[in-house]
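What follows is a single structure, written as structure tokens, with notes after it.
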Amino acid sequence: MLDLKFVRSNLDLVAYMLKDRGYDLDLSRFQSLDEKRRSIQASLEELRYQRNRVSDQIAAIKKTGQDTSSLISDMKTVSKEIKGMETELPEIVDQLNRLLMLIPNIPHESVVVGKNADDNPVVRRWGRIKEFDFSPCPHWEIGERLNILDFSRAAKIARSRFSLQSGLGAKMERALINFMLDIHTNQHGYTEILPPFLVNSVSMTGTGQLPKFREDLFKVDGWDLFLIPTAEVPVTNIHRDETLSFDELPIGYVSYTPCFRSEAGSYGKDTRGLIRQHQFNKVELVKFCCPEDSDQELESLTADAEEILKKLELPYRVVSLCTGDLGFSAAKTYDIEVWLPGQRLFREISSCSNFTDFQARRTNIRFRRKKGRGTELVHTLNGSGLAVGRTLVAVLENYQQPDGSVVIPEALRPYLDGLSIIGKGG
RNA sequence: GGAGAGAUGGCCGAGUUGGCUGAAGGCGCUCGCCUGCUAAGUGAGUGUAGGGCGAAAGUUCUACCGAGGGUUCGAAUCCCUCUCUCUCCGCCA
């Protein structure tokens, strides 16, 4: 959510900036709602002032034993007026908020103007793309042949877009999770969080999944609870409605959770393999910092995520999302894309974003500087560190051998009892 | 699931026969004074959000005593609903 005051005083600028990301702001509707709100609030407060004063008088007069009935009857009508406005005002505020809630964040000044993913500039590349002297297979073939991935049984148990991993397939997933958590906690200084996997609608609204993206969520019937689409939701909401102290910033959390997404509207896309699932595992990095540090924090958070790929020796590139490809809440986003030889393409494995104060305003997460009196909104950032299923995919495809076996990256071996290769039979 | 108790400022804790209580008192914190150091002492200050006036310091108004409704001229105080916490019983990984 953008700052109402900022939007009000920079209407044209806001509209102009949002045009770059394909958003058309309804200026006149915004203005008329805002003016209406202000005028109602002003007269409401005026009436309340009147009521408070006269009520004090009534109390004083009553003490002397004099008659107050005419004052009371006057106030009865004032009170009615107040009640009317008190029902009217929230309706206006609500409409205004709904409008405001649907306005995406303003892109960071360094973000390139563009229409879609084709316009995303590549920021850097890392690692050498391995040449295979055989034609590399997609991971689903590798996994099924090794008997560690089973998609048909997963569909039987649940439905399509679910997966079942067995034997070393399951163990490697667990190894990757532990590997990532260990690096982020021990080497990058993040605090590990194991949050609820179901959250309420207030939390979902805070991080921006609601009200706009309800169709993407799984809801628990009969409860105000949703399955989380990412750990970002519970972890960012840890500090909802809190005022942090300057000294504790920046705060960095790392959290492993399963993630649940309905993937509505992605029919026919990535139907094979582990790439797009209703349920997948992810290790998420979340940061809270003061405004002047968030640019730098995005760089270091992205580097922290990249470090996992470096240690696993998986080639990747980093792209900076252009204005047209930017997510709703983000001011700036780096996507890390890992190379998948089985499909001969770079595939997103992490998305690292600076939300500036956009989420903090919705979630009301503030901090207090040492000397200053008031409070300010923190900046929030997050990024995958990494998507575990897709990391498994990348390992299978990049480390596959001509005979169908898969070499285990060295960094991962301590987590797999020293095993160096997965051969036939799992 | 059954029975009961509770929810007030950074914390503890008053206030529940409705009316200068944004909220006593204490602790903590900030600034000042004092004292060879420390400790103690002492004076003042110490919530958030929104609006008006002001260049600013500031000043003023409104709202907020778990959340939402109701009664009333007036609600932290009375009524209803919900949420959460605690105790006991039952059940359970």
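These numbers come from a predicted model, not from an experiment. Computation of the quantities below employed the complete heavy-atom set of this structure, encompassing side-chain atoms and omitting hydrogens, waters and symmetry-equivalent molecules.
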If we call it a pair only when both distances are under 3.5 Å in a Watson-Crick or G-U wobble match, what pairs with B:G54? none
note: A:Asp56, atom CG; B:A75, atom P; distance rounded to Å ~ 11 Å
Among B:C73, B:G52, B:U48, which nucleotide sits nearest the side chain of A:Arg38? B:G52
Rounded to whole Å, CD1 of A:Ile82 lies from C1' of B:U72 at a distance of 13 Å
A:Leu4 has an atom CG; how far is it from atom P of B:G50, in whole Å? 9 Å
Could you tell me how far B:G6 sits from B:C12 if I compare only their C1' atoms? Round to whole Å. 16 Å
Closest approach to the side chain of A:Thr375, judged atom by atom: which nucleotide of B:G47, B:G50, B:A49 is it? B:A49
Using purine N1 to pyrimidine N3 plus N6-O4 or O6-N4 for Watson-Crick, or N1-O2 and O6-N3 for G-U wobble, both under 3.5 Å, which nucleotide pairs with B:C33? B:G41
If pairing requires Watson-Crick or G-U wobble contacts with both distances under 3.5 Å, which nucleotide is the partner of B:U21? none
Rounded to whole Å, the CG-C1' distance (A:Asp74 to B:U72) equals 16 Å
A:Glu46 CD - B:A63 C1' separation (whole Å): 16 Å
Pairing partner of B:C78 (Watson-Crick or G-U wobble, both distances under 3.5 Å): B:G70
Taking any strand in view, what nucleotide pairs with B:A7 in a Watson-Crick or G-U wobble way, both distances under 3.5 Å? B:U83
At less than 4.0 Å, is any side-chain N or O atom of A:Ser79 found next to OP1 or OP2 of B:G74? Yes or no. yes
Give none if B:C88 has no partner; otherwise give the nucleotide forming a Watson-Crick or G-U wobble pair with it, both distances under 3.5 Å. B:G2
Pick the P atom in B:C27 and in B:C65, then give their distance to the nearest Å. 27 Å
Residue closer to the 5' end of RNA chain B, A:Lys63 versus A:Lys5 (nearest nucleotide): A:Lys63
Using a 4.0 Å heavy-atom cut-off across all strands, classify A:Arg361 as base, sugar-phosphate, or nothing. nothing
A:Phe6 CZ to B:G50 C1': how many Å, rounded? 20 Å
Atom CD of A:Glu45 and atom P of B:A49: how far apart are they, to the nearest Å? 16 Å
Picking from B:A63, B:G50, B:G19, which would you name as closest to the side chain of A:Lys62? B:G19
Select from A:Arg51 and A:Arg366 the residue whose nearest nucleotide in RNA chain B is closer to the 5' end of that strand. A:Arg366
When the C1' atoms of B:C20 and B:G15 are compared, how many Å lie between them, rounded to an integer? 15 Å
Are side-chain heavy atoms of A:Glu35 and A:Arg38 found at a separation under 4.5 Å? no
Are any of A:Lys83's side-chain N or O atoms less than 4.0 Å away from OP1 or OP2 of B:U71? yes
Spacing of the P atoms in B:U17 and B:U77 (rounded, Å): 12 Å
Test your reading of the model: is there a side-chain donor-acceptor pair from A:Glu348 to the backbone of A:Glu337, 3.5 Å cut-off? no
In whole Å, measure the gap between the P atoms of B:U85 and B:G19 for me. 33 Å
B:G47 pairs with, by Watson-Crick or G-U criteria that keep both distances under 3.5 Å: B:C64
Residue A:Ile58, side-chain atoms from C-beta onward, closest of B:G19, B:U71, B:C61: B:G19
Euclidean distance, atom CD of residue A:Glu86 to atom C1' of B:G50 [Å, nearest integer]: 15 Å
Just how far is it from atom OH of A:Tyr23 to atom CD1 of A:Ile103, taken to the nearest 0.5 Å? 5.0 Å
Does A:Arg48 put a side-chain nitrogen or oxygen below 4.0 Å from OP1 or OP2 of B:G74? no
How about A:Phe6 and A:Val14: do any of their side-chain heavy atoms sit closer than 4.5 Å? yes
Between B:C73, B:U62, B:G47, which one does the side chain of A:Tyr49 approach most closely? B:U62
Between A:Asn364 and B:U48, is there a side-chain N or O to OP1/OP2 distance below 4.0 Å? no
Parallel, tilted or perpendicular: which one describes the rings of A:His184 and A:His188, with boundaries at 30° and 60°? tilted
Mark yes or no for whether A:Arg413, through its side chain, and A:Ile408, through its backbone, hold a donor-acceptor pair below 3.5 Å. yes
Is A:Arg53 close enough to B:U62 that one of its side-chain N or O atoms is under 4.0 Å from OP1 or OP2 there? yes
Between A:Asn52 and B:U62, does any side-chain N or O lie under 4.0 Å from OP1 or OP2? yes
Kindly indicate whether the side chain of A:Lys287, heavy atoms from C-beta on, has any atom under 4.5 Å from the side chain of A:Ile251. no
